[in-house]
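Labels below follow one simple rule: chain letters A, B, ... track the order of the sequence lines, proteins then strands, and each chain is numbered from 1. If you're wondering where the values come from, they're calculated on a predicted model, not measured in any experiment.
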Number of protein chains: 2
Amino acid sequence: MSQPGYKQFCPVAMAAEVLCTRWTMVLIRELVAGTNRFNELRRGVPKMSPTLLSQRLKELETAGILEKKEHSSEKGIFEYHLTKAGKDLYPVVEAMGNWGQKWVESQISLKNLDPSLLMWDMRRNLDPSPLPTKQTVIQFLYPELSRSKQRWWLVIEPKGDVDLCWADPGFDIDLYVTTDLRTMTAIWMGLTTVKRESEQMKLIGAKEIASSMQIWLGLSPFAAQKKLVP
Amino acid sequence: MSQPGYKQFCPVAMAAEVLCTRWTMVLIRELVAGTNRFNELRRGVPKMSPTLLSQRLKELETAGILEKKEHSSEKGIFEYHLTKAGKDLYPVVEAMGNWGQKWVESQISLKNLDPSLLMWDMRRNLDPSPLPTKQTVIQFLYPELSRSKQRWWLVIEPKGDVDLCWADPGFDIDLYVTTDLRTMTAIWMGLTTVKRESEQMKLIGAKEIASSMQIWLGLSPFAAQKKLVP
DNA sequence: CTGTATCCCCCCGGATACTG
DNA sequence: CAGTATCCGGGGGGATACAG
């Protein structure tokens, strides 16, 4: 924030000077979620220009919220890590997220659909524990979308690592999910639940994987917060 | 916010679109604190232009955070009241305030001294219970400041109502407080405590009122949060 | 008392290309 | 991969005066 501050000693105002500038809270949410590298942050905030991202990262570093460190083993690789003060922003993110989940109308949230963002979030929160301890591949198909955004693959490795692919990785597919982006997003946000063989979603493949989808599909961290507006 | 939104369905992003624009969180803090009238809000956010204040109030109304109502008995008097969604922002304000109190350096906060704001806040949080159940008048003198900002009076009525005066109300004074603005602000923020007869503060007048000053002087709502940086 | 109207500057931030 | 350099336009928001 290079605009003059609020000139208030109040801690809320002091915090707001740092936190309440454009994109900053969204970026912090991404950092709190555990993203550390520049280009990964870009995936989490795709509409933010790299220039502004770079600028905000510097501001947050100056504010003592994060530290930029060169990767220990690889030269030229940098990572951004929250400091103790930065990690302590978790309650702020949590409070804002819960409020948003509770009070922002679904209709409005669901105007901001983005398959890349959704799949990226799903990758992050997926829970491999109900899945077989072998490589599992799940294909998502959104027929409504343009060719390049139609198909996505989640590859769950035996150890539990999850990869997201936007090009066919060539592996055998264990489960095919065909749905529309709005439905999938609503499920991920906790606004509705997975129903096998609904109009909006078709699951084809391994039955045990299909039937546990609501489990292994980790939801948004705010999905549990009940909505109080339609 | 008329800038295009973040295009993210994430509740944090949705909330940030409404909350993280300039002045908005500071204004909401003031509303959460119980201020309802336009000109009282101006006292709470003195550096915000009336145009922008008006604009933000409309935005918050549109967002379903507050309602503007005409005062029931007096025509032409309007009040802004938080809706249920607005009151539910309390955890957000609290989280941000606690973070600010904990992590923003005192040196920086104490660069934003403002006697009007401080006295206004003190008026709001003053606890009359330890005071005698008669009218009590306390004069604050900041010798360092310009004439018009040097002297302030808190008038506590028998019922407990507190008035703030910037001109001598003419009543008998029960306690004279002479200090500097930085010390008084630090005390109110919980960074230090009242000490009788220190270099920084002189208390002259009724002994029982002087000795209970740390009590009746209600502190900032965030004073209890311990600071983790100097 | 409760705002509006108006003016205008500055700078925020979006877009794009490019570099080590 | 990890950013910078550069350009540019729009509008956010500060200041002030005034009106109902």
Query raised in the report: Between C:dG14, D:dA2, D:dG3, which nucleotide has the shortest distance from any of its atoms to the side chain of A:K68?
Result: D:dG3
**Report entry** Interatomic distance, B:N39 CG vs D:dG20 P [rounded to whole Å]
**Finding:** 18 Å
**Report entry** Distance in angstrom units between B:R43 CZ and C:dT2 P, rounded
**Finding:** 13 Å
**Report entry** Aromatic ring pairing A:W188/B:F9, orientation class (parallel under 30°, perpendicular over 60°, tilted between)
**Finding:** perpendicular
Query raised in the report: When the C1' atoms of the five terminal pairs at each end define the local axes, what inter-axis angle does the helix from C:dC1-D:dG20 to C:dG20-D:dC1 show, to 10 degrees?
Result: 60°
Query raised in the report: Rounded to whole angstrom units, what separation is found between the CD atom of A:E40 and the C1' atom of D:dG3?
Result: 15 Å
Query raised in the report: Is any side-chain heavy atom of A:L113 less than 4.5 Å from a side-chain heavy atom of A:R182?
Result: yes
Report task. State whether a side-chain donor-acceptor pair under 3.5 Å links B:T51 with B:S54. Result -> no
Query - Between P of D:dG10 and CD of B:Q3, the distance in whole Å - result: 14 Å
Query raised in the report: Hey, does the side chain of A:Y6 come within less than 4.0 Å of D:dG13's phosphate (OP1/OP2), counting only N and O?
Result: no
Report task. Kindly check if the number of other-residue, nucleotide or ligand heavy atoms within 6.0 Å of NZ (A:K159) is above 12? Result -> no
Requested in this report: Check whether any side-chain heavy atom of B:M25 lies under 4.5 Å from a side-chain heavy atom of A:L19, and answer yes or no.
Outcome: no
Query raised in the report: Within this structure, what is the CG-to-C1' distance between A:L41 and D:dC1, rounded to whole angstrom?
Result: 13 Å
Query raised in the report: Within less than 4.0 Å of OP1 or OP2 of D:dG14, is there a side-chain N or O belonging to B:W23?
Result: yes
Query raised in the report: Taking the six-membered ring where the residue is Trp, are the ring centres of B:W23 and A:Y6 under 6.0 Å apart?
Result: yes
Report task. Starting from P on C:dT2, measure out to NE2 on B:H71 and report it in whole angstrom. Result -> 10 Å
Query raised in the report: Heavy atom of residues 44-54 of chain B under 4.0 Å from DNA chain C: which residues?
Result: B:P50, B:T51, B:S54
Requested in this report: Would you tell me if any nitrogen or oxygen in the side chain of B:R42 comes within less than 4.0 Å of OP1 or OP2 on C:dG3?
Outcome: no
Query raised in the report: Can you find a side chain N or O atom of A:K7 that sits less than 4.0 Å from OP1 or OP2 on D:dG14?
Result: no
Report summary line: Result for salt bridge (charged side-chain N to carboxylate O under 4.0 Å, His left out) between A:E79 and one of A:R37, A:K68, A:K69 points to A:R37
Query raised in the report: D:dG11 P sits how many Å from B:Q55 CD, rounded?
Result: 13 Å
Query raised in the report: For A:I77 and D:dA2, what is the distance between atoms CD1 and P respectively, to the nearest whole Å?
Result: 5 Å
Report task. Determine the contact category for A:F38: base if any of its heavy atoms lies under 4.0 Å from a base atom, sugar-phosphate if only primed atoms, P, OP1 or OP2 are that close, otherwise nothing. Result -> base
Query raised in the report: Is the shortest side-chain N/O distance from A:R37 to OP1 or OP2 of D:dC1 below 4.0 Å?
Result: no
Query raised in the report: Does a nitrogen or oxygen in the side chain of B:K58 sit under 4.0 Å from OP1 or OP2 of C:dT4?
Result: yes
Report summary line: Sorted by chain and number, sequence neighbours left out, side-chain hydrogen bond (donor to acceptor under 3.5 Å, both in side chains) with B:W152 holds for none
Query - Any A:R22 side-chain N or O less than 4.0 Å from OP1/OP2 of C:dG14 - result: yes
Requested in this report: Taking only Lys NZ, Arg NE, NH1 and NH2, and the carboxylate oxygens of Asp or Glu, determine whether B:R56 and B:E59 approach each other closer than 4.0 Å.
Outcome: yes
Requested in this report: Mark yes or no for whether B:K227, through its side chain, and B:Q101, through its backbone, hold a donor-acceptor pair below 3.5 Å.
Outcome: yes
